[in-house]
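Worksheet: one structure, shown below.
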Amino acid sequence: MEPAPVDPERQLQPAPIEPLGLPNSGLEAAVGEEAEGARDAGSGVDTMTENNFGLKKIEISVSEAEKRTGRNAMNMQETYTAYLIETRSVEHTDGQSVLTDSLWRRYSEFELLRNYLLVYYPHIVVPPLPEKRAEFVWHKLSADNMDPDFVERRRIGLENFLLRIASHPILCRDKIFYLFLTQEGNWKETVNETGFQLKADSRLKALNATFRVKNPDKRFTELKHYSDELQSVISHLLRVRARVADRLYGVYKVHGNYGRVFSEWSAIEKEMGDGLQSAGHHMDVYASSIDDILEDEEHYADQLKEYLFYAEALRAVCRKHELMQYDLEMAAQDLASKKQQCEELATGTVRTFSLKGMTTKLFGQETPEQREARIKVLEEQINEGEQQLKSKNLEGREFVKNAWADIERFKEQKNRDLKEALISYAVMQISMCKKGIQIWTNAKECFSKM
Amino acid sequence: MAGGPPKALPSTGPHSLRDMPHPLAGSSSEEAVGGDSTPSPDLLMGRSFGDKDLILPNGGTPAGTSSPASSSSLLNRLQLDDDIDGETRDLFVTVDDPKKHVCTMETYITYRITTKSTRVEFDLPEYSVRRRYQDFDWLRNKLEESQPTHLIPPLPEKFVVKGVVDRFSEEFVETRRKALDKFLKRITDHPVLSFNEHFNVFLTAKDLNAYKKQGMALLTRVGESVKHVTGGYKLRTRPLEFAAIGDYLDTFALKLGTIDRIAQRIIKEEIEYLVELREYGPVYSTWSALEGELAEPLEGVSGCIGNCSTALEELTDDMTEDFLPVLREYILYSDSMKSVLKKRDQVQAEYEAKLEAVALRKEERPKVPADVEKCQDRMECFNADLKADMERWQNNKRQDFRQLLMGMADKNIQYYEKCLMAWESVIPLLQEKQEAK
């Protein structure tokens, strides 16, 4: 599977962007902002791009997967897979790469990294992880997480995930990401110390809860709608593709039976025997050719899956904006009602219901001093509220600007990647057709000699 | 596998097969029948070659070899049965033009039978009659009756087993027409059967039903006598050569049965694959409607899958209509041949029984009774006819299967070529905008 190709024309952000809402977690990664990874485990083949700052380039690869057993949090034995992440820095002058860091991580640590990034970069379409459990399998594929083919595809997916982050102009500078690649022990503690779980908006998890936003941003509404549709159509596509693969497998494999019966038949024939026998061999070749064909097609399915999950990430950004807008409107509403309360107290007219108002009615008027006190409290709250609203508005505008910039980047990346995926799919189909023509032509030749 | 590397075939373009030289054009050192993509129906059905046919005699090249030959001139150039060695063919029969007849009692199909012949047995040089399936059935029964020592070709199945098939559909009628044409051509090629009186009447009579009612038919001498062989004579051992034929036919029918099942299974899997493809293609279309820059590429892929689906449908139709029926015919053929073998056994049994009876009556004057002689005569005729027919059958079988299997390979090649073309034409569409960037 191809890792994310880096667009050489993309301009880098000149200054690091602070993760939203936190003062000093924007520690710049000490490594260069552009990073490329090896295409295959240890193959060392890669393309480097020039960056604007002349800093060292790095290569990242998830080169191995290993089964491990250990004790989990409940002190029970468990089996899991660990992945070796190797980071190399490349000398600018001679292109030689030197291994700088090498550590093992398991899937749950990747998840932790991603969850952290989601909290601290809510305006970014955060690259997705490969699926946790095998889905969209057709009958020959295993749904078992320990299956070597699944592990291998996951290894590639995890590598792709890291490469996506490393080639993202903003995410690549994150300190926690840097530590993920370099600090084996204690990394989990370091992440948890940022307290990001507390900052996480639990409402983001409630995907289907609706928040009534009075003035929604039309662009985000449309984008959310698009991400929903994209998820739906890619899911459908993956499901049908799996069934197509299943059926195609059946067609090819049944032809293998010809091999055996032609062989048996050739035993009773004189002149026809040789032709039949050799044609039978080609039928065997035909039947076994489907295995490689479908293995290649799994890469295409993986590319589609990545964008299925990317659609979810896109939706998360829209969701975040929706929540921000909602909070803004709620804050404005709250401010307006406090102002009204204040006005009513000052002028003595009661237009809105309040418990205090009721109790005073029942138990007697409050003193002017009491009223003054209340007005003062309200005025303080109003002041505070106005400050908060101002900063929320600013926050909102910043969010929209940054989010939209990343969304544009994402759109171009998506169009590029999917076009390439379609091309490679077409190339696979062409190769399958050519193979089919060759095998049947060979069989025809054998039949002609009957 | 004998022979050198496979011929290099151009991999793209629908014309590659037609560009191949006609197998009989020019000298060729290897047998090369059936390289043409779509020979005429006459050509497909009418040939019955011997081994020496295909290597052109004396290395000479027949006239007018560059273009695919018309059926009649091609047939003229071909040597046929050993028995008509050196002679040009003098009898041509074709089945075509199916027509539906709707009557009060029933609806049925008739086929036009066209006969051209220079034989003296035919009063006119050309005949054209219409016959229906039951006429063919009648003919076959008559042939079995009157020529019991010969192998009579099979007819396509009488009844449509699966109620799903419409016996008036174009595909069914065409499949049946081809089988009936093959049936008559096999008889035409047979040196004895082609001269059979019933066959002549079938080809020529205006009113076949009247003839049928007569029931007066001249049986051959052997036919007459064999007809009267009743059962009750048990053969002790089948002579080796006929036992070998029997064993061969048993295994042959078994293998064909397996091939039939495999072919049916493949068609079934292909149809199920087709069903999924027909859902798969349109999803790309749905996706395309969501996108901007990707809209055209996705739509292109959708269309491409649609084209592949159509090509697959054509493949499954062809295999159902052209491949399976021929397999089934040969299974029926070998079944009827086994019955002829059994009849032969009975004739031999009768002879041996009578001979034994004579041997036991040793005290009488040693004479060879006339009827024992007749039995021996019958048996020897039967054996000779059967052997000759077997040899002819083996040759024809070889040609038929070569053609059938090459046809199957061809259909698959054509399917892949259509798909290849579809996918290759989508690539520039997918690459387009990227270069423009």
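Chain naming here is simple, since letters A, B, ... match the order of the sequence lines and numbering starts at 1 in each.
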CA sep, side-chain torsions, deciding dist, call: Leu418(A), Trp287(B), side chain to side chain contact (heavy atoms under 4.5 Å, CB included): CA-CA 12 Å; Leu418(A) 288 176; Trp287(B) 187 359; 3.6 Å; yes

Does Lys419(A) form a side chain to side chain contact (heavy atoms under 4.5 Å, CB included) with Glu293(B)? I'd like the steps, not just the answer. CA-CA 9 Å; Lys419(A) 233 183 261 184; Glu293(B) 199 182 313; 3.0 Å; yes

Start with the C-alpha distance between Tyr425(A) and Leu430(B), add both sets of side-chain angles, then the distance that settles side chain to side chain contact (heavy atoms under 4.5 Å, CB included), and finish with yes or no. CA-CA 11 Å; Tyr425(A) 183 65; Leu430(B) 296 174; over 6 Å; no

May I have the step-by-step check of side chain to side chain contact (heavy atoms under 4.5 Å, CB included) for Ile427(B) and Ile430(A), ending in yes or no? CA-CA 10 Å; Ile427(B) 296 260; Ile430(A) 286 170; 3.9 Å; yes

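To the nearest 0.5 Å, the span separating CD1 on Ile439(A) from CG on Asn412(B) amounts to 11.0 Å. The line from CG of Leu248(A) to CG of Leu277(B) is 8.0 Å long, rounded to the nearest 0.5 Å. Rounded to the nearest 0.5 angstrom, Leu298(B) CG and Leu237(A) CG are separated by 9.0 Å. Atoms CD and SG, on Glu417(B) and Cys433(A) in that order, are 10.0 Å from each other to the nearest 0.5 Å. Here the CZ-CE distance, from Phe447(A) to Met406(B), works out to 9.5 Å after rounding to the nearest 0.5 Å. Distance CG/Leu422(A) to CD/Gln431(B): 11.5 Å, rounded to 0.5 Å.
Looking at heavy atoms from C-beta onward, Met408(B) lies out of side-chain contact with Lys444(A) at the 4.5 angstrom threshold. Using a 4.5 Å heavy-atom threshold, the side chains of Val427(A) and Trp423(B) count as separate. Using a 4.5 Å cut-off on side-chain heavy atoms (C-beta onward), Ile266(B) and Tyr252(A) make no contact.
For a residue to count as touching a neighbouring chain, one of its non-hydrogen atoms must lie under 4.5 Å from one of that chain's; by this rule Ile262(B) touches chain A with backbone and side chain alike. For Phe401(B), the parts sitting under 4.5 Å from any heavy atom of chain A are the backbone and the side chain alike. Both the backbone and the side chain of His255(A) come within contact range of chain B, each with at least one heavy atom under 4.5 Å from a heavy atom of that chain. For a residue to count as touching a neighbouring chain, one of its non-hydrogen atoms must lie under 4.5 Å from one of that chain's; by this rule Ala422(B) does not touch chain A.
Interface summary for chain A: among Arg261(B), Glu279(B), Arg265(B), Lys268(B), the most heavy-atom pairs under 4.5 angstrom belong to Glu279(B). Taking chain B as the reference chain and counting heavy-atom pairs below 4.5 Å, the highest number among Lys253(A), Gln429(A), Gln438(A) is found for Gln429(A). Of all the listed residues (Gln277(A), Arg243(A), Arg260(A), Lys435(A)), the one sharing the greatest number of non-hydrogen pairs under 4.5 Å with chain B is Arg243(A).
Side-chain contact check for Glu291(B) and Tyr226(A): at least one donor-acceptor pair (N or O, by modelled atom type) lies under 3.5 Å. A donor and an acceptor atom, one from each side chain of Glu269(A) and Tyr248(B), are located under 3.5 Å apart.
Summarising the geometry of Tyr273(B) relative to Arg247(A), their closest heavy-atom pair is CA-CB, 3.5 Å, with the distance given to 0.1 Å. Summarising the geometry of Ala409(B) relative to Trp440(A), their closest heavy-atom pair is CA-CE3, 3.5 Å, with the distance given to 0.1 Å. Pairing each heavy atom of Gly250(A) with each of Glu269(B), the nearest pair is CA-OE1, 3.8 Å. Summarising the geometry of Leu290(B) relative to Leu230(A), their closest heavy-atom pair is CD1-N, 3.9 Å, with the distance given to 0.1 Å. For the pair Lys434(A) and Leu420(B), the tightest heavy-atom approach, listed with the atom from each and the gap, is CG-CD1, 3.9 Å. Heavy atoms only, all atoms of each residue included: Glu276(B) and Val240(A) are closest at O-CG1, 3.7 Å.
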What donor-acceptor contacts under 3.5 angstrom involve side-chain atoms of residues 250-257 of chain B, with partners at least two apart or in another chain?
| from | atom 1 | to | atom 2 | distance (Å) |
| --- | --- | --- | --- | --- |
| Asp250(B) | OD1 | Lys338(B) | NZ | 3.0 |
| Thr251(B) | OG1 | Asp247(B) | O | 3.2 |
| Lys255(B) | NZ | Glu264(A) | OE1 | 2.7 |

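Every residue two or more places apart in sequence or in another chain was checked for a side-chain hydrogen bond (donor to acceptor under 3.5 Å, both in side chains) with Glu222(A), and none qualifies.
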